[in-house]
Amino acid sequence: METKPIISIVGTGYVGLTSAAVLANAGFKVFAVDIDPKKIDIIKSGKSHFFEGGLDEFVSKAVETGNLLPTISFKESIPESNIVFSCVGTPDNPDGSPNLEYIYSAAESIAKNAKDGIVVVQKSTVPVGTGRKLMAHIAKVSPDLKFSYVSNPEFLREGSALFDTLNMDRVVVGSDDKEALEKVVSVFTAVNDFAQDIDYSEFSDYRLNNVSKITPFSKTPFSERVFKMGLESAELVKVSANAFLALKISFANSIAKLAEKADADIVEVMNGVGSDFRIGRAFLYAGLGWGGGCFPKDVSGLISVAEEYGVPLPIMDAAVEENQSMVDHVVEKIRKSNGGISKMKVAVLGLSFKPGTSDVRKSQAIKLANKLHEKGAIVKAFDPQAMEEAKEDLNRNVELSGSISECVNCSDAIVVATDWNEFKEHNWKSEKKNVNGNIFVDARNCLKASEIQDAGFEYMGIGR
Ligand code: UGA
């Protein structure tokens, strides 16, 4: 019987820890390696160090069985490993390009500790051309090491990270080394086999349950979802996919502004547009715009790497500009309906960049709260998960509230900035008596206009 490869995952963020927990539950021995001892201690205790639906249950099971071995030591993990996935972060450089410092230092630590035959898999999103440079770097650090390098971009969405890792809509692998490609594919084939028997209703996290109800399970046989290609192609698939999704949203937002002027309804428009199978309805939801740790960085990273190759991408510059304009668009809506913003009491509901996560990186909701405050409004904010995380990015005078009711109490205007279920399910009718004004901006088009109007508010969406 073929023995399972031993795996190390370097970096325990959304991609790294989710992959580690899934692989360990699928029966692989997995070292989860991170340079931050605090994160490792939390994982050792059987928990995730960030909020992600269902992940705690997976981590605790994996730690209990002994398959998941959290460690800060490269010396303890890498020499034992046949395959190592690099999942470290790539923060922004001031010019918008990704900072590859951690990618290089992880590659160096891997190179120094690896044994011959190791397959180094890059899961972090890197600019096209990086893999080739990293291969040269590893060879320079450990000239005698026999290794293969595979690009394996990750497509999971935060908030449904676990579901996406179990139900891969595609596996993209790129390398010069065909044998290494097959080794990586066989790991994912094992995950796919394992995932067939999962009963999502057994999970206590309602968000994971919900994701499994609304995301289609792929009907395509797994082998047809595997795309083997050249190294540079795989690197370019990832950023292009994210850039295209960002482009779709910015397109919907541009048309939303036109719809507002022309008395059309963007939801109706995009229902019609998106029903064309060549276009698709997903990511045509107009709203406050895109944020998070991926789209903003990947789009600016694509623009900057294209510049390096001498290829201008004005289409992506326009998408960024459109996205930036959405915060002002909402501020302007509030200003107009109130006849001014100074001293106005505004309740901002939602701070994370999207629902189902406590991640506030490049959150449009936080930008909105800060912008309103800078324009002179008295801003209170609430988020079901991201209060702690938001503190650092919010202007000092934006007050954090402990609940929806506390946040909207005595406010002149309410803005739903992140489409959390908590806001959709709130009883706005009974809440109205505690609210001073009647301006209600649904900046994610996620509530029913008629319900908000029946509650006594003046409902305003985006593009409707
Ligand atoms: C995104 C991609 O969707 C994943 O496939 C990819 O793996 C990931 O980046 C990554 O590179 O790691 P994520 O950042 O978790 O995932 O978030 P999305 O669900 O894509 O949402 C991004 C932003 O777009 C959010 O702010 C969301 O509110 C906004 N959005 C999304 C819209 O405004 N309208 C839409 O129709 C869809």
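Whatever order the structure lists them in is the order used to number ligands and atoms, beginning at 1. Excluded from the calculations below are hydrogen atoms, water molecules and symmetry mates; all remaining heavy atoms, backbone and side chain alike, are included.
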Ring centroids only, cut at 6.0 angstrom: are Trp290 and Phe283 within range, meaning strictly under it?
no
With sequence neighbours excluded, tell me which residues meet salt bridge (charged side-chain N to carboxylate O under 4.0 Å, His left out) with Glu260.
Lys333
I need the atoms of ligand 1 closer than 4.0 Å to a non-hydrogen atom of [X], numbered in the order shown.
X: Glu154; answer: 7 (O)
X: Arg444; answer: 28 (O), 33 (O)
X: Leu284; answer: 36 (O)

Out of Thr90, Asn93, Thr125, Asn242, which residue meets the side-chain hydrogen bond (donor to acceptor under 3.5 Å, both in side chains) rule with Lys297?
Thr90
Decide yes or no for [X] and [Y]: does some side-chain heavy atom of the first lie under 4.5 Å from some side-chain heavy atom of the second?
X: Ile43; Y: His49; value: yes
X: Phe295; Y: Leu245; value: yes
X: Arg132; Y: Leu231; value: yes
X: Asn167; Y: Asp169; value: no
X: Lys354; Y: Gln364; value: no

Identify the closest protein heavy atom to [atom]: which residue and atom is it, and at what distance?
atom: atom 3 (O) of ligand 1; answer: Arg157 CG, 3.7 Å
atom: atom 9 (O) of ligand 1; answer: Cys294 CB, 3.2 Å
atom: atom 34 (N) of ligand 1; answer: Tyr285 O, 2.9 Å
atom: atom 15 (O) of ligand 1; answer: Glu158 N, 2.7 Å
atom: atom 18 (P) of ligand 1; answer: Lys354 NZ, 3.6 Å
atom: atom 8 (C) of ligand 1; answer: Leu156 O, 3.4 Å

Given Phe295, Phe353, Phe155, identify the one with the heavy atom nearest to atom 14 (O) of ligand 1.
Phe353
Checking heavy atoms under 4.0 Å, the part of Thr125 that sits near ligand 1 is neither
With heavy atoms and a 4.0 Å threshold, my read on which part of Lys238 contacts ligand 1 is side chain
Would you call the rings of Phe58 and Phe194 parallel, tilted or perpendicular, where under 30° means parallel and over 60° means perpendicular?
perpendicular
Under 3.5 Å, N or O to N or O, is [X] touching ligand 1 that way?
X: Gly291; value: yes
X: Trp290; value: no
X: Asn242; value: yes
X: Ile249; value: no

Does the pair Glu158 and Arg361 meet the rule for a salt bridge (Lys or Arg N to Asp or Glu O under 4.0 Å), with working shown?
CA-CA 12 Å; Glu158 284 178 28; Arg361 285 175 292 171; 3.1 Å; yes
